[in-house]
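Data first, discussion second: the structure below is written as structure tokens.
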Amino acid sequence: MLPVSRPSIGSEELEEVKKVFATGWLGLGSTVFEFENAIKEYLGAKNVIAVNSGTTALHVALDAFGITAGDEVIVPSLTFCASVQAITALKAVPVFCEAEPGTLNIDLTDVKKKISAKTKAIMPVHYCGNPCDMDSLLAIGKKHNILIIEDAAHAFGSSYKGKKIGGFGDVTCFSFDPIKNITCGEGGAVVLADDAIAEEIRRKRILGIDKDTWHRYRNERSWFYEVTTQGYRYHMSNISAAIGLVQLKKLNMFLTRKKKIVQIYSESFKNLKGIRTLTWDHEGTAPFAFIIRVLEGRRDEMMDFLSSRGVGSGIHYIANHIQPFFSPYAQPLPVTETLWKEILTLPLYYDMTDAEVDLVARSVKDFFR
Ligand SMILES: *Cc1c(COP(=O)(O)O)cnc(C)c1O
């Protein structure tokens, strides 16, 4: 069965991991700093803090920006549950909003309706890597004095109006989990301009200790440390960073191939009445996933049909406002309730062969024969 996604990793990554093994320094150290610098350069960003997942990136970013119990954070219901867990971890309140059917990105008309005196942040998700309307989001943030905390887990490598995602909102969080645009095995990064908050995040990622271990052990009083803030054990390891450094070098190659597959799918499906493809800024989108909307209640039927052809598919994602744990924050979201039952994710990853791409495209078309 063709998987929906698969990381492209090989001997180059293993070689770099071996080098870390040889140093005996597996945790937070020079390879992590090297990875942070490489991302900084790639994005043209001011501060990059590498952490151990996209979820922890969101959690530590919300915490460092002062989001706390009772604060409201507006978040689309149609996102990975990680976005919402990061909010509830701080006892803050997720205020679910709608997504736009054309892009699955955050619906700004609904965002405006959901702003209250308690709103501290908006968390847009760049769905499948297609950037949200950042100009409008930043204008809303400025007008109401609300933070824009971007969940850019899908969007590493994407650009908005010619500039890389990672330089728009107050803070941007990336994920490098196994299926994201690049992987560290598991990993994430927090990217922001504010130097003081960046320092706070550097402390928070390693238990609130005021200096990274690297610096500590180079001091003469190598045993000395101070705990100055609430912290977590969220730092990236040298092992993960070694994988990420190689992956970053392969990113353009990954994206070129994935964009080509997206082009083939889009071309193949353009005349199919029973499905909708998403509206994308193809130029700026580093494609994370290829999602179609299957109309007329036939999504699950299509999934079974594809499966019978050896084509795996997935659902990204089940609406969060209907999840049991988030039921205290549930509210009617008619658009999202329809959308999540239509969406189907098709296989898209670098190592797909032309024959496999063709099999997926043909199978989707055959479903309507
Ligand atoms: C993957 C993902 C995350 C979380 O990242 P992890 O590295 O898996 O913790 C958050 N939000 C979205 C939209 C994601 O797809």
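First listed ligand is number 1; within each ligand, the first listed atom is number 1. The structure presented is a predicted model; accordingly, all values stated were derived computationally and were not measured.
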Worksheet item: How does E186 reach ligand 1, if at all, at less than 4.0 Å between non-hydrogen atoms: by side chain, backbone, both, or neither?
Response: neither
Worksheet item: How about F156 and Y42: are their ring centres within less than 6.0 Å of each other?
Response: yes
Worksheet item: Can you list the atoms of ligand 1 that are under 4.0 Å from a heavy atom of S83?
Response: 11 (N)
Worksheet item: When you measure from atom 9 (O) of ligand 1 to every protein heavy atom, which one gives the shortest distance, and what is it?
Response: T55 OG1, 2.5 Å
Worksheet item: Partners of H154 by side-chain contact (heavy atoms from CB on, under 4.5 Å), sequence neighbours excluded?
Response: K180, F288, Y317
Fill in: Side chain, backbone, both or neither: D151 near ligand 1, heavy atoms under 4.0 Å
side chain
Worksheet item: Is it true that F176 and F35 have ring centroids separated by less than 6.0 Å?
Response: yes
Worksheet entry | Proximal atoms of ligand 1 relative to S53 (non-hydrogen, under 4.0 Å) | 7 (O), 9 (O)
Fill in: Near-ring test Y234/H59, centroid separation under 6.0 angstrom
yes
Discussion item. If I apply the N/O under 3.5 Å rule, does A82 come out as touching ligand 1?
Written reply: no
Worksheet item: To the nearest 0.1 Å, how far is atom 8 (O) of ligand 1 from its closest protein heavy atom, and which atom is that?
Response: D177 OD2, 2.7 Å
Practice prompt. State, yes or no, whether a side-chain contact exists between K163 and F168 at a heavy-atom distance under 4.5 Å.
Written response: yes
Discussion item. Within the 4.0 Å heavy-atom shell around A153, which atoms of ligand 1 are there?
Written reply: 2 (C), 3 (C), 10 (C), 11 (N), 12 (C), 14 (C), 15 (O)
Item to complete: Enumerate the atoms of ligand 1 whose separation from the nearest heavy atom of T79 is less than 4.0 angstrom.
Response: 13 (C)
Worksheet item: Between Q247 and T183, is any side-chain donor less than 3.5 angstrom from a side-chain acceptor?
Response: no
Discussion item. Give me the nearest non-hydrogen protein atom to atom 6 (P) of ligand 1 as residue plus atom name, then the distance to 0.1 Å.
Written reply: G54 N, 3.4 Å
Discussion item. Tell me the protein heavy atom at minimum distance from atom 1 (C) of ligand 1, and give that distance in Å.
Written reply: K180 NZ, 1.5 Å
Worksheet, complete the sentence: G187 heavy atoms within 4.0 Å reach ligand 1 at atoms 7 (O)
Listed pairs under 3.5 Å, donor-acceptor, residues 47-56 side chains, sequence neighbours left out:
residue	atom	partner	partner atom	Å
N47	ND2	L192	O	3.3
N47	ND2	A193	O	3.3
N47	ND2	D195	OD1	3.0
N52	OD1	T56	OG1	2.8
N52	ND2	R233	O	3.3
S53	OG	T55	N	3.3
S53	OG	T56	N	3.0
S53	OG	T56	OG1	3.2
T56	OG1	S53	N	3.2
T56	OG1	S53	O	3.0

Worksheet entry | Proximity of H154 to ligand 1 by residue part, where a heavy atom lies under 4.0 Å | side chain
Fill in: Y329 and V95, any side-chain heavy atoms less than 4.5 Å apart
no
Worksheet item: With only distance considered, is Y317 within less than 3.5 Å of ligand 1 through an N or O on each side?
Response: yes
Discussion item. So does A286 get a backbone contact from the side chain of S158, meaning a donor-acceptor N/O pair under 3.5 Å?
Written reply: yes
